[in-house]
Amino acid sequence: MNREDKKSMLMNKHLQGELTLTEQEEFSTLLAEDADFATDVDIAVVMKARQKVEHKKRWKQLIPEAKKNVSNEPKIVAMPSPRAKKRSKVFSIYRIAAVLLVFFTAFILLFWASQQSAIAPDQLAYTQFEQTDKLPQYSNQMGDNAEDVLKESYALYEHKKYTEALAMLQDVSATDEKYAEALVQKGMNQFQLKNTAQAIASFEAALKLPQAANQDKAQWFLALSYLADNQSTKAISILKEIVENEDTHWGKAKDLLENLK
Amino acid sequence: MKQQDFDHLVHALKTGDETPLDKVFTTNYRYCVGTLISKYQCQEADAQDIYMDALIQFRAQLLKGKVDNQNVKGYIFRIAYNIWLKKQQKEEREGVSSLDVYETESYLAQQDGLYDEEFNPLIRQETIQEMRSEKQDQIEALNWAMNKISPNCKKLLEARLLHGIKPAQLVKQLDYKSTRVVINTISRCKARLIELSKQFLSNLNIAP
């Protein structure tokens with residue numbers, strides 16, 4: 001850059017107020033050394049200022065109009081960025097998935113509830129039986145013959161060997177004091193083998209005996225057997241009795257009655 | 001801004017027609033002045049002044065061909081913001097013994113009645129008060145002299161000193177015979193201007 005170009009550049013920057021600190025120093029030196037340049041700068045400054053004043057005077061008159069001016073240009077609306085759009089799309093997919101999941105879960109629950117309420121009484125009886133077929137533990141000590149038989153037959157029952165258990169229970173004599181217990185176990189095995197009529201007979205017989213061990217169980221199982229045998233009226237009557245007497249299974253009986261309504 | 005309007009603006013400015021720029025002024029006024037007031041806590045008068053300064057700079061950039069038609073509104077506001085920023089960071093400028101555009105403009109504007117009570121930013125008042133009376137006389141003298149010189153002289157001096165156009169280019173632009181003629185005319189015009197200025201100062205009984 002020659003000296004004239006340099007001077008022109010510095011003057012231009014001075015007029016724009018854009019001199020850097022280094023250029024400022026250079027400019028000051030030039031002004032001090034070159035009187036012609038200093039005069040040119042002064043003339044240019046006054047010209048520039050005059051020009052600015054002229055423009056401003058004209059524009060000042062336009063301010064009232066400008067204040068009223070509503071641009072015809074389309075309004076700048078903050079549109080979502082492509083990234084935000086993508087994000088919102090992803091969010092909407094998640095949202096849809098979440099809503100679908102909620103609806104699906106609700107549907108499954110409703111379906112399950114309706115299925116529950118629609119379960120046939122015999123099915124209900126078997127379900128309830130499975131939940132309550134545990135008898136009090138027999139002692140590990142060796143007892144008399146009948147007690148040993150009951151212990152072993154119950155072990156077979158727990159291993160789902162119902163026929164074997166029934167065969168073993170034949171060994172308990174009707175005169176034995178453990179006979180009522182044997183009848184309860186017999187009924188349980190018959191129930192599991194879906195011989196509901198025989199099970200009913202066993203439980204009824206057990207209940208008629210004076211030494212009614214596991215009487216609460218026998219009554220409960222009898223109600224379930226009636227239910228499984230589609231004799232709902234009899235079942236309900238026994239269940240009501242259980243509830244009234246607050247027997248061992250009164251809570252279950254109450255729920256069952258609700259379901260049978 | 002439509003490309004057609006933008007091209008028209010540039011062409012008009014080059015041929016000395018300022019009307020399209022006035023349209024730019026009114027179109028972008030509310031956005032620029034409004035933003036300066038609301039976002040940067042500018043006084044209305046200051047914001048208007050800054051906006052006008054920005055538009056003058058925009059005009060200069062247009063004439064230099066440094067602006068394209070992309071977000072003109074944003075571009076003008078960016079200039080305005082930079083001016084505002086510069087004013088915020090205004091430092092004492094030492095070592096410059098020449099006239100300063102801002103000071104000169106403030107003084108001339110006041111003399112011209114541009115800054116009335118309603119339009120009188122405080123910063124301008126301070127600038128004028130800080131100016132040495134010697135400088136004020138110098139400005140007044142040059143301003144008076146410029147009104148006295150011929151329009152051709154004024155045009156030539158503006159082109160050369162204000163816009164930095166080289167004599168060789170001016171031959172074509174202003175229809176002169178040769179570069180030498182341009183250089184000589186500029187010298188004569190300058191001499192006339194200085195002479196008139198000295199005359200003004202001597203009338204004030206002040207040595208040049």
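Lettering follows sequence order; numbering is per chain, from 1. This is a predicted model, so every value here is computed, not measured.
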Mind checking the [atom1]-[atom2] spacing from [X] to [Y]? Nearest 0.5 Å is all I need.
X	Y	atom1	atom2	value
A:Ser8	B:His163	OG	NE2	12.0 Å
A:Trp59	B:Leu21	CH2	CG	4.5 Å
B:Asp49	A:Lys52	CG	NZ	8.0 Å
A:Ile43	B:Met146	CD1	CE	6.0 Å
A:Arg50	B:Glu158	CZ	CD	8.0 Å
B:Gln48	A:Lys60	CD	NZ	8.5 Å

Which bit of [X] comes within less than 4.5 Å of chain B, counting heavy atoms only: side chain, backbone, both or neither?
X	answer
A:Met47	both
A:Asp40	both
A:Gln51	side chain

Would you find more than 12 non-hydrogen atoms of other residues, nucleotides or ligands less than 6.0 Å from [X] atom [atom1]?
X	atom1	result
A:Glu158	CD	yes
B:Trp144	CH2	yes
B:Gln4	CD	no
B:Lys166	NZ	no
B:Arg59	CZ	yes
B:Lys154	NZ	yes

Region of [X] that comes under 4.5 Å of a non-hydrogen atom in chain A:
X	answer
B:Gln57	side chain
B:Asn147	both
B:Ile194	side chain
B:Leu193	side chain

Can you tell me which of B:Ile83, B:Leu157, B:Asp22 forms the most heavy-atom pairs within a distance under 4.5 Å of chain A?
B:Asp22
Go through the steps to decide whether B:Lys64 and A:Asn12 satisfy the test side chain to side chain contact (heavy atoms under 4.5 Å, CB included), and finish with yes or no.
CA-CA 12 Å; B:Lys64 284 178 191 169; A:Asn12 193 266; 3.5 Å; yes
Can you list the steps and then say if A:Leu62 with B:Tyr29 is a side chain to side chain contact (heavy atoms under 4.5 Å, CB included)?
CA-CA 10 Å; A:Leu62 292 173; B:Tyr29 177 90; over 6 Å; no
Heavy-atom distance under 4.5 Å between the side chains of A:Lys56 and B:Ile56, does that happen here?
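A:Lys56 vs B:Ile56: side chains touch.
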If you count heavy-atom pairs under 4.5 Å between each of A:Arg58, A:Met9, A:Glu25 and chain B, which one has the most?
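Option with the top pair count is A:Arg58.
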Looking at every non-hydrogen atom in both residues, tell me the closest pair between B:Leu142 and A:Val46 and how far apart they are.
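Looking at all heavy atoms of both residues, the shortest contact is CD1-CG2, 3.6 Å.
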Which heavy atom of A:Ala66 sits nearest a heavy atom of B:Thr26, and at what distance?
CB-CA, 3.7 Å
What do the steps show when you test A:Lys67 against B:Glu44 for salt bridge (charged side-chain N to carboxylate O under 4.0 Å, His left out), and what is the final call?
CA-CA 12 Å; A:Lys67 278 183 176 175; B:Glu44 190 181 6; 2.9 Å; yes
